[in-house]
Amino acid sequence: MMRTRPLKVALLGCGVVGSEVTRIMTTHAEDLAQRVGAPVELVGIAVRRPDRVREGVPAELITTDATALVKRGDIDVVIEVIGGIEPARALITTAFEHGASVVSANKALLAQDGAALHAAAEQHGADLYYEAAVAGAIPLVRPLRESLAGDKVNRVLGIVNGTTNFILDKMDTSGAGYSEALDEATALGYAEADPTADVEGFDAAAKAAILAGIAFHTRVRLDDVYREGMTEVTAADFASAKQMGCTIKLLAICERAADGRSVTARVHPAMIPLSHPLASVREAYNAVFVEAEAAGQLMFYGPGAGGSPTASAVLGDLVAVCRNKLAEATGPGESAYTRLPVSPMGEVVTRYHISLDVADKPGVLAQVATVFAEHGVSIDTVRQTGKDGEASLVVVTHRAADAALSATVEKLRGLETVRGVASIMRVEGE
């Protein structure tokens, strides 16, 4: 039997995502009520600019006093889609203190202060759900947190930023340079006016921290994630990748060490074989590849950003939290029992593609090979082309530690016959 008294919802933020959340809650109110088991009523929307025209958003719900809204005491669920660290953190904490559960899309805050927010939710007997914080509409957080809770996840490898994937896809398929591809992404609305958070990997790093924490049942903060942007990727890098049967993606990679005693989390551009499922992810789409002991290999694919996809994830969490409210229960909270340390990037082992500008004369290859051997980095393949006294030398290694590779490159830079290091790129997904 459906309860007649509605569950009351407060919305913090009414931009692209918030407006879409409002629209869905309004137009699908009856369906939501049937799925929850009680009416779900939006009773207030906190915004910074109340005079902005918001089509389809009831003006009587708008307020600029977000603190007063979350302090009302009769709010069952607060949806936070304002982003950033403050005032979001203070508002979420206040919501818990006044009896509300929280649905958030705030990846930056969760990556930085997830442990404290989970602790506050547990202290007040509330839920903290955040499917929308990672990969938009793609169900990923809940499968990792619930569906795979009885399994052991060893690796999460994914494309979690649509802007960067669009840019790299255009560079790959059209031969465009980075600036051209970025201009197209901006014109189509895929890139912000200031794309730094995307192209420098900050957005993906926050998502990697969240995914690693859930997958490995340990606390991983944003500061623990190695981050490298994609602004230095060139058309020449794509040409080299094609010669290897690869393409280039900006990847978020979370791994459990082989001995199970530590984890790593990193974001950087990498060559990936065309045979790997992630290589076929085009334009602004996201995809995450999960490797678990019992389940094997799983792939989650779909639109990773935008108003409608993100709102879909928010509403999914809202239904789950409202059901918990009716059952007077809470869903799964933080699971960090393993307390695994996060290893530094220097200990990460992978393959590398190194392109060197060298003098075109006898003995150069022998000198280069000697430097690799001195640092314990095994060479898989070498390709050399050159004329008029100058040459290009491309070396692909077997798996090696990042620290060993860095020391090798530093020594190579000191050789008289090495004119410069044109590019270094990791090779993943093999």
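- With a 6.0 Å cutoff to the six-membered ring centre and a 45° limit on the axis angle, R227 counts as a cation-pi contact of F202.
- Judged by distance alone, the side chain of Q297 and the main-chain N or O of M299 form no donor-acceptor pair under 3.5 Å.
- In this structure, S312 contributes its side chain and A137 its backbone to no donor-acceptor pair below 3.5 Å.
- With contacts defined as side-chain heavy-atom distances shorter than 4.5 Å, the pair T67/L91 qualifies.
- The backbone N or O of H217 sits less than 3.5 Å from a side-chain atom of T338, completing a donor-acceptor pair.
- Proximity of a side-chain donor or acceptor of H276 to a complementary backbone N or O of L278 within less than 3.5 Å is detected.
- No more than 12 heavy-atom neighbours from other residues, nucleotides or ligands sit within 6.0 angstrom of CD on E328.
- Looking at R266 and E255, a side-chain N of the basic residue comes within less than 4.0 Å of a carboxylate O on the acidic one, giving a salt bridge.
- Between S392 and S355, the shortest heavy-atom distance links the atoms OG-OG, 4.0 Å.
- The aromatic rings of Y130 and H118 stand perpendicular to each other, their planes meeting at an angle above 60°, with 30° marking the opposite boundary.
- Heavy atoms from other residues, nucleotides or ligands lying under 6.0 Å from CD of Q384 number more than 12.
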(request) I would like to know whether L250 and I159 meet side chain to side chain contact (heavy atoms under 4.5 Å, CB included); could you show each step before the answer? (result) CA-CA 6 Å; L250 184 77; I159 299 163; over 6 Å; no
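- At least one side-chain heavy atom of Y178 sits less than 4.5 Å from a side-chain heavy atom of V199.
- A 6.0 Å sphere centred on CD of E192 holds no more than 12 heavy atoms belonging to other residues, nucleotides or ligands.
- Counted within 6.0 Å of CD on E410, heavy atoms from surrounding residues, nucleotides or ligands total 12 or fewer; the atom is thus considered open.
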(request) Determine, stepwise, if the pair R426 / D402 fulfils salt bridge (Lys or Arg N to Asp or Glu O under 4.0 Å). (result) CA-CA 9 Å; R426 298 168 183 86; D402 187 85; 3.0 Å; yes
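- Judged by distance alone, the side chain of T350 and the main-chain N or O of V427 form a donor-acceptor pair under 3.5 Å.
- Ion pairing between a basic and an acidic side chain is recognised when a charged N comes within 4.0 Å of a carboxylate O; R256 and E293 show no such pairing.
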(request) Could you walk me through whether L140 and E131 pass the side chain to side chain contact (heavy atoms under 4.5 Å, CB included) test, one step at a time? (result) CA-CA 7 Å; L140 186 57; E131 184 68 67; 4.0 Å; yes
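- Between the E291 side chain and the N154 main chain, no donor and acceptor come within less than 3.5 Å of each other.
- A donor-acceptor distance shorter than 3.5 angstrom exists from the side chain of T163 to the backbone of Y190, with no hydrogens or angles considered.
- Counting non-hydrogen atoms of neighbouring residues, nucleotides and ligands closer than 6.0 angstrom, the OH atom of Y226 exceeds 12 such neighbours.
- Using a 4.5 Å cut-off on side-chain heavy atoms (C-beta onward), K242 and D172 make contact.
- With contacts defined as side-chain heavy-atom distances shorter than 4.5 Å, the pair R54/T22 does not qualify.
- Counting only distance, with no hydrogens or angles, the side chain of R419 and the backbone of D357 share no donor-acceptor pair below 3.5 Å.
- Within 6.0 Å of CD on E232 lie no more than 12 heavy atoms contributed by other residues, nucleotides or ligands.
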(request) Applying side chain to side chain contact (heavy atoms under 4.5 Å, CB included), run through I138 and V288 and close with a yes or a no. (result) CA-CA 9 Å; I138 304 172; V288 177; 5.9 Å; no
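- The residues R219 and E334 are annotated as salt-bridged, a charged nitrogen and a carboxylate oxygen being separated by less than 4.0 angstrom.
- One N or O on the side chain of K207 and one on the backbone of V160 form a donor-acceptor pair closer than 3.5 Å.
- At distances below 3.5 Å, at least one donor-acceptor pair connects side-chain atoms of D237 with backbone N or O atoms of T234.
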